[in-house]
Amino acid sequence: SEFPNHITIATQHWPPYQQEVNGIQTGFSIHALRCVMAKMKQRYKVVFVPWGRAQNGVKTGQYDAFFAASQNEWRDEFAVLSNTFIEQKWKFYLHKDSTLSTDIDSLKASAVFGTRIHSNTDHWLHKNEFQKIRQFGSIEQLVKLLSNKRIDAIMENALLFEEEVLK
């Protein structure tokens, strides 16, 4: 089948995966995408928008695709997951002074988790019946809240979390 002449791919500012600084797009995902599209000989443009808008824009037909994302049922209603070209590892993070039990059932029932709104980690926590989930706009907010003990835990992309903690 023939590819469209030009596609528009929406994403969010999400270092070190993808970011746009002074009009320059860079990051692991940007480099991988560039390689994939060159191999396919597909012309494309990447636009940076808030994450909810990137996904909803594909749902409404405003954009052709969004990245970097993992699979969930909501996204499956309007998008098809490509082959994985950037791996993500999710980990649980608690404050180093936390006295909470790390037993999963205990965490589900009593730990206050912070998540990024519209993220698949947020979707996963809800789907897996974690009871106390608070949504926030950015990884910066989550790290600050955890550091100040305003939330008990975060389940997050390891690379994203560790990059933010280093800042």
Side-chain angles (χ1 to χ4, degrees), residues 9-21 24-33 36 46-59 65-79 81-167:
I9 305 171
T11 192
Q12 64 179 325
H13 179 79
W14 204 40
Y17 288 97
Q18 64 264 359
Q19 60 190 324
E20 188 170 49
V21 182
I24 307 293
Q25 297 180 349
T26 188
F28 300 132
S29 298
I30 293 287
H31 298 302
L33 180 68
V36 167
V46 172
V47 295
F48 281 79
V49 295
W51 189 228
R53 191 179 312 157
Q55 295 170 80
N56 281 308
V58 169
K59 188 175 185 179
F66 59 88
F67 79 97
S70 45
Q71 185 270 336
N72 71 40
E73 303 80 16
W74 179 72
R75 293 171 180 164
D76 287 347
E77 291 173 19
F78 59 92
L81 184 68
S82 71
N83 289 340
T84 301
F85 61 93
I86 294 285
E87 284 293 334
Q88 290 189 48
K89 280 199 174 82
W90 292 352
K91 294 183 180 178
F92 286 108
Y93 296 95
L94 284 77
H95 193 279
K96 66 179 179 167
D97 300 333
S98 176
T99 56
L100 288 175
S101 165
T102 54
D103 167 74
I104 196 74
D105 290 327
S106 174
L107 288 174
K108 277 185 180 188
S110 59
V112 176
F113 274 82
T115 66
R116 285 175 296 110
I117 192 165
H118 302 298
S119 68
N120 206 14
T121 47
D122 177 69
H123 178 85
W124 188 91
L125 289 168
H126 279 97
K127 182 180 164 195
N128 287 279
E129 301 176 353
F130 282 73
Q131 299 301 307
K132 299 177 180 177
I133 304 167
R134 307 288 177 268
Q135 297 175 322
F136 299 94
S138 69
I139 186 69
E140 294 89 348
Q141 288 174 295
L142 292 176
V143 169
K144 197 172 285 183
L145 289 161
L146 184 64
S147 154
N148 294 329
K149 300 181 185 175
R150 301 292 305 241
I151 56 175
D152 297 318
I154 300 171
M155 185 179 82
E156 188 52 86
N157 172 299
L159 189 59
L160 184 69
F161 181 84
E162 288 156 20
E163 177 97 349
E164 185 58 35
V165 167
L166 289 176
K167 288 184 193 169

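Numbers for residues simply follow the sequence, beginning at 1.
The two atoms that bring Ala109 and Gln131 nearest to each other are O-CB, 3.9 Å, heavy atoms only. Nearest heavy atom pair, residue Ile30 against residue Gln25, reads CG2-O, 3.7 Å. The two atoms that bring Met155 and Trp124 nearest to each other are CE-CE3, 3.3 Å, heavy atoms only. Heavy atoms only, all atoms of each residue included: Asn120 and Ser70 are closest at ND2-OG, 2.7 Å. Nearest heavy-atom pair across Leu142 and Ile154 is O-CD1, 3.5 Å. Scanning both residues, Thr11 and Ala54, for their nearest heavy atoms gives N-CB, 4.2 Å.
Not one N or O on the side chain of Thr121 forms a donor-acceptor pair closer than 3.5 Å with the backbone of Glu156. For the pair Asp103 (side chain) and Asp105 (backbone), a donor-acceptor distance under 3.5 Å is present. In this structure a side-chain-to-backbone donor-acceptor pair under 3.5 Å is present from Gln141 to Gly137. Side-chain atoms of Glu164 never come within 3.5 Å of backbone atoms of Val143 as a donor-acceptor pair (strictly under, hydrogens ignored). Distance alone, capped at 3.5 Å, places no donor-acceptor pair between the Asp76 side chain and the Gln71 backbone.
Within a 6.0 Å sphere centred on NZ of Lys89, other residues, nucleotides and ligands contribute 12 heavy atoms or fewer. With a 6.0 Å radius and a threshold of 12 heavy atoms from other residues, nucleotides or ligands, Phe28 has its CZ atom at or below the threshold. The local environment of NZ in Lys144 is sparse, with at most 12 non-hydrogen atoms from other residues, nucleotides or ligands closer than 6.0 Å.
In this structure, CD1 in Ile151 is found 10.5 Å from NE2 in His95, a value given to the nearest 0.5 Å. One finds the OG1 atom of Thr99 at 8.5 Å from the CG atom of Asp152 (value rounded to the nearest 0.5 Å). Between the CD atom of Gln55 and the CZ atom of Arg75 there is a distance of 4.0 Å, given to the nearest 0.5 Å. Considering CG of Leu146 and CZ of Phe113, their distance stands at 10.0 Å, rounded to 0.5 Å. To the nearest 0.5 Å, atoms NE2 (His123) and CG (Leu125) are separated by 10.5 Å. Separation of atoms CH2 (Trp14) and OG (Ser29) is listed at 7.0 Å; rounding is to 0.5 Å.
Salt-bridge check for Asp97 with Lys149: passed, with a basic side-chain N closer than 4.0 Å to an acidic carboxylate O.
Below 30°, between 30° and 60°, or above 60°: for Phe161 and Tyr93 the angle between ring planes is below 30°, a parallel geometry. Ring orientation note: the planes of Phe78 and Phe66 are tilted relative to one another, at an angle of 30° to 60°.
Annotation: side chain of Ile104 is in contact with side chain of Phe130 (closest heavy-atom distance under 4.5 Å). In this structure the side chain of Thr26 reaches within 4.5 angstrom of the side chain of Gln19, judged on heavy atoms. The side-chain heavy atoms of Lys127 and Glu73, taken from C-beta on, include a pair separated by under 4.5 Å. Considering only heavy atoms from C-beta on, Trp74 comes within 4.5 Å of Lys59 through its side chain.
Using a 3.5 Å distance cut-off with no hydrogens or angles, the side chains of Tyr17 and Gln12 do not pair a donor with an acceptor.
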